[in-house]
Amino acid sequence: MAGPCLVIFFALLLLSSIAEASQCSVKGLPLIRNISELPQDNYGRGGLSHITIAGSVMHGMKEVELWLQTFAPGSATPIHRHSCEEVFVVLKGSGTLYLATNSHEKHPGKPQEFKIYSNSTFHIPVNDAHQVWNTNEHEDLQILVVISRPPVKVFIYEDWFMPHTAAKLKFPYYWDEQCFQVPQKDEL
Ligand SMILES: *[C@@H]1O[C@H](CO)[C@@H](O)[C@H](O)[C@H]1NC(C)=O
Ligand SMILES: *[C@@H]1O[C@H](CO)[C@@H](O)[C@H](O)[C@H]1NC(C)=O
């Protein structure tokens, strides 16, 4: 009796790994895709919806990566930095950008606060510690994010006075984890 059960078990295991790997399309990315049908997840962060629209680890992009993120009221990114360029477009809602530009100090220090709003755009200077926060109690904040030099290597701070040297590297980042193991085929 154990035989058929084992076969079914391994068939299910195979099917689930195929389903998982299908999100990781390093080759053969369709030209046009419907964003509403792309996988989205909160990656363990309450109030977040993240979609990697075009990714390095997920889709084989080489120079840029594009995310669509929605933050429920009161939710935020961690305080973090990365050595890539990053440009934001606010599609909906409003919030606050916290940015510490004095990165030559030992720690980020008290950040400057900037209001961000629908149809605004902002960019983060390379390696400056920052945090994006939906400080609007009534509306979701939706942003389109472009980064250079993917996959992103994020250093996370517990607070603004944590020394730069103590910031914790998270790599691969949460949304890159699932596809990171899939071997990338170099087409060159
Ligand atoms: C995109 O996907 C959504 C959700 O599945 C669907 O409602 C919509 O019709 C799609 N748009 C097109 C143009 O296919
Ligand atoms: C955003 O700004 C552009 C350029 O002025 C304008 O055409 C567009 O209608 C604006 N969109 C919204 C949602 O305000």
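Both counts, for ligands and for their atoms, begin at 1 and track the order of listing. The first residue in the sequence is number 1, and the count goes up from there. Note: hydrogens, waters and symmetry copies are ignored here, and every other heavy atom, side chains too, is used.
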Report, in ascending order of atom number, the atoms of ligand 1 lying under 4.0 Å from any heavy atom of [X].
{"X": "Glu37", "result": "2 (O), 5 (O)"}
{"X": "Ser36", "result": "2 (O), 3 (C), 4 (C)"}
{"X": "Asn34", "result": "1 (C), 2 (O), 3 (C), 8 (C), 10 (C), 11 (N), 12 (C), 14 (O)"}

Can you check whether Trp175 reaches Gln69 side chain to side chain, under 4.5 Å on heavy atoms?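 In contact.
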
Distance-only side-chain donor-acceptor flag, His59 / Glu65, under 3.5 Å: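 The answer is no; no qualifying pair exists.
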
If you look at every heavy atom in Pro151 and Phe171, which pair is closest and at what distance?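 Closest heavy-atom pair between Pro151 and Phe171: CG-CE1, 3.9 Å.
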
Find out whether the Lys NZ or Arg CZ of Lys170 is both under 6.0 angstrom from the six-membered ring centre of Tyr174 and within 45° of the ring's axis.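 Yes, cation above the ring, under 6.0 Å and within 45°.
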
Hydrophobic cluster (4.5 angstrom, side-chain heavy atoms) - remaining members for Ile32: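 Leu31, all in the cluster of Ile32.
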
Of all residues at least two apart in sequence or in a different chain, which pass the ring-ring contact (aromatic ring centres under 6.0 Å, His included) check with Phe122?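 So Phe122 forms a ring-ring contact (aromatic ring centres under 6.0 Å, His included) with Phe88.
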
Contacts of Glu139 that satisfy salt bridge (Lys or Arg N to Asp or Glu O under 4.0 Å) - sequence neighbours left out: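 Glu139: no salt bridge (Lys or Arg N to Asp or Glu O under 4.0 Å) contacts found.
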
Does ligand 2 have any N/O pairs with the protein under 3.5 Å, and how far apart?
| unit_1 | atom_1 | unit_2 | atom_2 | d |
| --- | --- | --- | --- | --- |
| ligand 2 | 2 (O) | Asn119 | ND2 | 2.3 |
| ligand 2 | 11 (N) | Asn119 | ND2 | 2.8 |
| ligand 2 | 14 (O) | Asn119 | ND2 | 3.2 |

